[in-house]
Amino acid sequence: MDIEALKAKAKQLRIDSLKLTNQAGSGHPGGSLSAADILTALYYRQMKYDASNPQWAERDRFILSKGHCTPLLYSVFADVGYFPKEELATYRKIGRLTGHPNPKLPGVEIATGSLGQGLSVGHGMALAARLDGKDYRVYVLLGDGELNEGSVWEAAMSAAHFKSDNLIAIVDNNKVAQDSITAELKGVEPLGRKFESFGWHAIRIDGHDMAAILNALEEAAKAKGKPTAIIADTIKGKGVSFMEGQPKWHGKAPDAEQLKKAIAEIENG
Amino acid sequence: MAKAATRDGYGSGLVKVGSNKNVVVLDAGVSDSTRTNKFQEKYPERFFNMGISEQDMVGTAAGLAKCGKIVFATSFAEFLMGRTQDHQLVSVAYSESNVKLIATHTGLAVGEDGPTAQAQNDVGMARAMPTMIVVEPADAVEAEKVVEFLVSHKGPAYVRLGRPEVETIYDDSYAFELGQATKLMDGNAAAIIASGIMVQESLKAAEMLKQENTEVAVINMSSIKPIDKEAIRQAAQTGTIIACQDHNIYGGLGSAVAEVIAAESLNCRFGIVGIKDQFAESGSQEELFKKYGMDAEAIANAVRKAVSG
Ligand SMILES: Cc1ncc(C[n+]2csc(CCOP(=O)(O)OP(=O)(O)O)c2C)c(N)n1
Ligand SMILES: [Mg+2]
């Protein structure tokens with residue numbers, strides 16, 4: 001997919017994410033909108049995988065460590081064909097489209113939803129690739145608030161120690177957690193320097209600049225002897241004026257009117 | 001009789017199963033105490049010491065398992081179970097990862113290190129996690145057999161091992177079966193159902209009672225979850241069941257046995273010998289078991305009281 005097509009795809013996924021939360025009457029729009037460009041770059045350009053063969057041994061792995069952002073994840077999965085689009089109607093209802101992902105759903109590698117676990121799991125997968133002489137990569141998407149969890153930094157230490165250069169952490173640095181602005185909750189900056197001091201290669205980009213995301217992923221793929229952290233500066237609720245930067249849109253669904261307004265803004269944005 | 005700790009059986013068991021290339025062993029900086037160093041010596045490329053980061057170890061284990069590895073993740077029970085409970089629940093149990101959580105250093109038998117190392121609620125936590133099986137071997141031979149069994153059992157497991165050396169009960173002909181208790185002594189006056197180191201104390205108690213012409217059955221319930229219900233039904237026919245565990249009286253083997261007795265309305269007297277919902281202190285295992293009412297004498301007393309009551 002070329003850059004223009006990727007940008008259009010990201011818009012579509014934003015709209016799909018909002019429709020999902022509206023339809024379910026609950027869910028997490030803010031962090032889905034902020035990560036839309038990143039997931040688009042991964043699933044429509046960077047990662048090798050086969051939605052018709054989810055267990056393909058050579059596939060790149062993706063872990064949504066910030067597991068609440070299923071509106072976006074499931075929108076992607078339905079679109080690339082991990083499950084039928086009609087199944088989206090069961091989002092957050094009885095069935096396998098749980099509010100936070102579980103591996104009974106094709107495409108989900110591991111359950112998440114309790115923050116701070118995904119990077120360790122991703123690193124385990126990276127170590128398995130080494131043991132098996134495979135060249136797949138493991139991508140883990142984390143939230144900035146999630147970085148408050150100490151276990152993330154345990155994993156950061158491990159991945160550097162084991163020189164796991166097939167592990168790529170992407171921080172959706174949208175500056176907002178749940179009840180607070182992250183800097184006011186418990187500040188996580190300076191992120192690049194933090195990861196570097198932990199022995200990682202760090203790249204800082206505008207997480208809504210598609211070309212920059214693609215370049216960073218390319219650079220990460222060339223890393224040798226170190227894991228890579230891509231700090232993607234993003235805006236929580238990106239594309240919807242009344243949601244942008246607002247903690248209150250972390251975990252609240254838009255009503256019909258808000259949805260209409262939001263879609264119009266994204267389409268014209 | 002030979003003596004060895006169940007953790008020693010774990011170490012030798014790992015070396016045995018190491019020829020399977022999918023077996024990977026993790027430790028959290030205590031490999032000399034847990035005996036995973038035995039595996040490391042033989043198979044260094046499949047051993048990862050994750051440092052003193054138990055949460056990270058459990059997550060890493062899950063990731064390896066999701067890529068086809070059979071992963072043994074090891075630390076002291078308090079640090080493995082207490083510290084990482086949520087990681088186990090999400091990354092291991094809910095995700096049905098093929099991870100074996102192996103905990104050494106359990107209960108008052110830990111001794112001198114005191115309450116921060118004397119894990120007493122680990123079985124309760126493990127038992128209450130869906131998909132998780134729970135096993136506590138009674139001697140080093142059984143521990144070794146459990147390791148062999150786990151390689152063929154796909155799914156999450158919690159295994160509770162002990163620090164001190166204990167008498168070896170089983171010989172190599174023993175075959176561990178999940179959900180299957182073994183009767184070590186026969187008797188009709190009462191039945192003692194025990195696991196881990198308490199099997200040893202129970203055997204001693206049964207010998208003491210024998211001198212008084214009270215013949216009690218001793219059952220090793222190493223498979224705590226799933227539990228052997230048939231063995232409990234049969235034990236109930238003696239009229240008295242005493243469950244013995246080096247664990248808090250809430251949530252451990254005793255609770256598991258009580259659940260079966262209650263659910264099936266089994267008609268028997270029932271008692272639990274275990275840690276009476278309190279923190280202990282430092283001391284030798286013998287001193288602690290005596291002071292906190294968990295030695296053979298205490299078990300014998302529990303039987304005496306029940307059968308005379
Ligand atoms: C261990 C844990 N603690 C708390 C929560 C509740 N929670 C869900 S999302 C969230 C905020 C996360 O913020 P961030 O990581 O920045 O995510 P994003 O902004 O991308 O939505 C919190 C506190 C959780 N899911 N897990
Ligand atoms: Mg955030």
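Naming convention: chains lettered A, B, ... in sequence-line order (proteins, then strands); numbering from 1 in each chain.
- Within the 4.5 angstrom heavy-atom criterion, only side-chain atoms of V24(B), from C-beta onward, approach chain A.
- Under the 4.5 Å side-chain criterion, counting only non-hydrogen atoms from C-beta, V134(B) is in contact with V123(B).
- For F198(A) and F195(A), the ring centers sit 6.0 Å or farther from each other.
- Of the candidates T6(B), L178(B), V159(B), V159(B) is the only one forming a side chain to side chain contact (heavy atoms under 4.5 Å, CB included) with V146(B).
- H153(B) has its side chain within reach of I133(B): a pair of non-hydrogen atoms, C-beta onward, lies under 4.5 Å apart.
- Between the CZ atom of R160(B) and the CG atom of L80(B) there is a distance of 12.0 Å, given to the nearest 0.5 Å.
- Interatomic distance, I63(A) CD1 to L73(A) CG, rounded to the nearest 0.5 Å: 11.5 Å.
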Between chain B and chain A, going by a 3.5 Å limit, which atoms form donor-acceptor pairs, if any?
{"unit_1": "Q55(B)", "atom_1": "NE2", "unit_2": "E154(A)", "atom_2": "OE2", "d": "3.4"}
{"unit_1": "D56(B)", "atom_1": "N", "unit_2": "E154(A)", "atom_2": "OE1", "d": "2.9"}
{"unit_1": "D56(B)", "atom_1": "OD1", "unit_2": "S120(A)", "atom_2": "OG", "d": "2.6"}
{"unit_1": "D56(B)", "atom_1": "OD2", "unit_2": "S158(A)", "atom_2": "OG", "d": "2.4"}
{"unit_1": "K69(B)", "atom_1": "NZ", "unit_2": "D132(A)", "atom_2": "OD1", "d": "2.4"}
{"unit_1": "K69(B)", "atom_1": "NZ", "unit_2": "D132(A)", "atom_2": "OD2", "d": "3.3"}
{"unit_1": "D86(B)", "atom_1": "O", "unit_2": "Q117(A)", "atom_2": "NE2", "d": "3.3"}
{"unit_1": "D86(B)", "atom_1": "OD1", "unit_2": "S114(A)", "atom_2": "OG", "d": "3.3"}
{"unit_1": "D86(B)", "atom_1": "OD2", "unit_2": "S114(A)", "atom_2": "OG", "d": "2.4"}
{"unit_1": "D86(B)", "atom_1": "OD2", "unit_2": "Q117(A)", "atom_2": "NE2", "d": "3.2"}
{"unit_1": "S91(B)", "atom_1": "OG", "unit_2": "Q117(A)", "atom_2": "OE1", "d": "2.7"}
{"unit_1": "S95(B)", "atom_1": "OG", "unit_2": "A111(A)", "atom_2": "N", "d": "2.8"}
{"unit_1": "E96(B)", "atom_1": "OE2", "unit_2": "K104(A)", "atom_2": "NZ", "d": "3.1"}

